[in-house]
Amino acid sequence: MKKAVISGTGLFTPEQSISNEELVGAYNAWAEGWNAANAEAIAAGEIEAKTPSSEAFIEKASGIKARYVMDKSGIIDPERMLPHLPARGDDELSILAEMAVKAAQDAMKAWGKPVSEIGAVICAASNMQRPYPAMAIEVQQALGIEGFAFDMNVACSSATFGIKTAADFVASGSVKAVLMVNPEICSAHLNFKDRDSHFIFGDVATAVIIEAEDQAGPGGWDIVGTKLQTSFSNNIRNNFGFLNRAALPTDGHEPVSSDGLSDKMFVQQGRKVFKEVVPMVSEMILDHAAELSLDPHGLKRLWLHQANINMNTLIGRKVLGREPEPGENVIILDDYANTSSAGSIIAFHLHHDGFAPGDTGLICSFGAGYSAGTVFVRKRP
């Protein structure tokens with residue numbers, strides 16, 4: 001079995017960014033209008049008034065200060081409160097594929113090898129814009145890659161699941177190298193009218209190239225070990241799908257709540273997620289390190305899923321057995337927010353400097369499912 005190496009990473013960041021101040025201003029303007037329109041029902045105790053959001057609340061709850069998005073104007077428009085992303089024709093490159101291609105080109109530039117060396121493309125992301133044809137095949141065609149391609153979705157854990165899958169393809173000799181991309185337009189499945197979650201997500205795309213050790217050049221990262229875990233939970237859920245139309249009542253009218261199709265967007269029980277996921281992920285990391293005979297306290301850096309600064313801080317303490325030094329437990333969600341599958345890859349891509357050959361680190365993602373993936377890496381000479 002051949003060993004797999006991470007030989008290149010890439011990042012596409014949208015040009016537009018929304019600060020907490022801008023997001024709060026839009027939400028509070030919408031909430032004020034909603035309260036005014038429903039004043040009688042609120043006064044009668046039939047419904048509850050919408051509570052204003054605040055910058056202090058957002059930063060304390062999440063550590064997020066801003067987020068990049070594909071469309072800013074629609075999100076901060078109190079009359080719309082969602083991005084405006086016009087449909088493209090079937091003969092045009094789709095928006096997710098376009099983002100993935102840009103991230104892939106960045107990764108291939110760092111890799112420095114011809115595209116002909118890549119034998120497979122995996123598009124691993126939390127929300128695909130269509131069931132088929134696969135986004136990965138569209139990316140494959142756009143980049144002129146031969147071989148095969150497919151999509152996979154394990155929500156926020158998709159990237160580590162994708163790395164594991166790619167490493168297995170390489171190990172078996174099926175292909176020389178795999179391109180794994182993570183395009184995420186999380187703003188399109190976020191309910192910006194929900195005070196508890198309107199600040200969580202941002203948009204981005206990342207890419208990783210995994211190849212066989214015997215053909216890898218100097219540098220890069222040996223994949224020391226990968227491990228995946230899932231445990232079913234409804235505490236993070238998105239009910240959007242093609243079967244929604246088949247659930248219409250016989251009169252053809254779709255029942256909607258006062259908040260519209262809120263259950264067809266991102267929904268979570270945040271406190272339950274925190275309580276259940278932190279120990280699950282911490283134990284998984286420590287167990288996997290023990291299986292690989294690695295000392296978790298000796299890890300030079302943690303590149304964790306960027307969900308919430310409080311979750312990341314606690315997991316970092318449990319894994320390292322102490323308070324992490326500055327830069328050891330990488331946090332990028334202050335600028336990027338939660339970017340689902342891409343978060344840990346952004347952290348790895350932007351903050352992998354300062355490693356000597358033999359130094360080890362951990363890429364870890366976790367989220368809906370529940371799902372979690374760990375990828376221990378070691379710097380190559």
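Here the structure is a predicted model, which means the values were calculated and not measured.
The other residues sharing a hydrophobic cluster with I95 are F12, M70, L85, L96, M99, M128, M135, I185, where clustering joins ILVMFWY side chains under 4.5 Å apart.
In this structure E328 satisfies the side-chain hydrogen bond (donor to acceptor under 3.5 Å, both in side chains) test together with R322, sequence neighbours excluded. Evaluation of the side chain to side chain contact (heavy atoms under 4.5 Å, CB included) rule for A66 yields S17 as partners, not counting sequence neighbours.
Environment of CD in Q215: crowded, with over 12 heavy atoms of neighbouring residues, nucleotides or ligands closer than 6.0 Å.
Checked against R195 for a side-chain contact (heavy atoms from CB on, under 4.5 Å), the options T51, I58, N28 give a single hit: T51. Here the rule is side chain to side chain donor-acceptor pair (under 3.5 Å) with N235, and of Q269, R271, K275, E276 only E276 fits it.
Between S344 and S365, the side chains place no donor N or O within less than 3.5 Å of an acceptor N or O (distance only, hydrogens not considered). Residues T206 and N182 have side chains that bring a donor and an acceptor to within less than 3.5 angstrom of each other. Looking only at atom types and distance, the side chain of E184 has a donor-acceptor partner in the side chain of S126 under 3.5 Å away. For the residue pair N20/R67, the side-chain donor-acceptor check at 3.5 Å is satisfied. Residues N310 and T313 have side chains that never bring a donor and an acceptor to within less than 3.5 angstrom of each other. Between the side chains of S73 and D71, a donor-acceptor pair is found at a separation under 3.5 Å.
Under the 4.5 Å side-chain contact rule for hydrophobic residues, W30 and V69 share a cluster. Residues F199 and Y68 do not share a hydrophobic cluster, clusters being chains of Ile/Leu/Val/Met/Phe/Trp/Tyr side chains in contact below 4.5 Å. Both F355 and I332 are assigned to one and the same hydrophobic cluster, defined by single-linkage of ILVMFWY side chains at heavy-atom distances under 4.5 Å. Clustering ILVMFWY residues whenever any of their side-chain heavy atoms sit less than 4.5 angstrom apart, transitively, puts M180 in a cluster other than the one holding V139. Cluster annotation: F274 is connected to L333 through the hydrophobic network of ILVMFWY side chains, with a link wherever side-chain heavy atoms come within less than 4.5 Å.
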Working note: K2 + D168, criterion salt bridge (charged side-chain N to carboxylate O under 4.0 Å, His left out); need CA distance, chi angles, decisive distance, verdict. CA-CA 9 Å; K2 297 181 179 181; D168 287 349; over 6 Å; no
Walk me through whether D203 and T339 qualify under side-chain contact (heavy atoms from CB on, under 4.5 Å). CA-CA 6 Å; D203 303 334; T339 50; over 6 Å; no
When you look at V375 and I223, which way does the side-chain contact (heavy atoms from CB on, under 4.5 Å) test go after all the steps? CA-CA 7 Å; V375 180; I223 296 177; 4.1 Å; yes
Under the salt bridge (charged side-chain N to carboxylate O under 4.0 Å, His left out) criterion, do K379 and D359 qualify, and how do the steps go? CA-CA 6 Å; K379 183 64 179 174; D359 286 345; over 6 Å; no
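Of the charged side-chain nitrogens involved, at least one lies within less than 4.0 Å of a carboxylate oxygen, so that R88 and E98 count as a salt-bridged pair. A salt bridge links E22 with K72: the distance from a Lys NZ or Arg NE/NH1/NH2 to an Asp or Glu carboxylate oxygen falls below 4.0 Å. With respect to the salt-bridge test (charged N to carboxylate O, under 4.0 angstrom), the residues K65 and E55 do not qualify. The pair D214-K176 does not count as a salt bridge, with every side-chain nitrogen at least 4.0 angstrom from each carboxylate oxygen. By the 4.0 Å N-to-carboxylate-O rule, D106 lies too far from K102 to be salt-bridged with it. Ionic pairing of E323 and R317 is present here: one or more N-O contacts between side-chain nitrogen and carboxylate oxygen are shorter than 4.0 angstrom.
Between F348 and W303, the angle of the ring planes goes over 60°, which puts this pair in the perpendicular group of the 30/60° scheme.
Residues M284 and K227 come closest through the heavy atom pair CE-O, 3.3 Å. Considering every non-hydrogen atom in both A207 and I345, the closest pair reads O-CG2, 4.4 Å.
The cationic atom of K193 (NZ for Lys, CZ for Arg) does not lie both less than 6.0 Å from the six-membered ring centre of W34 and within 45° of the ring axis.
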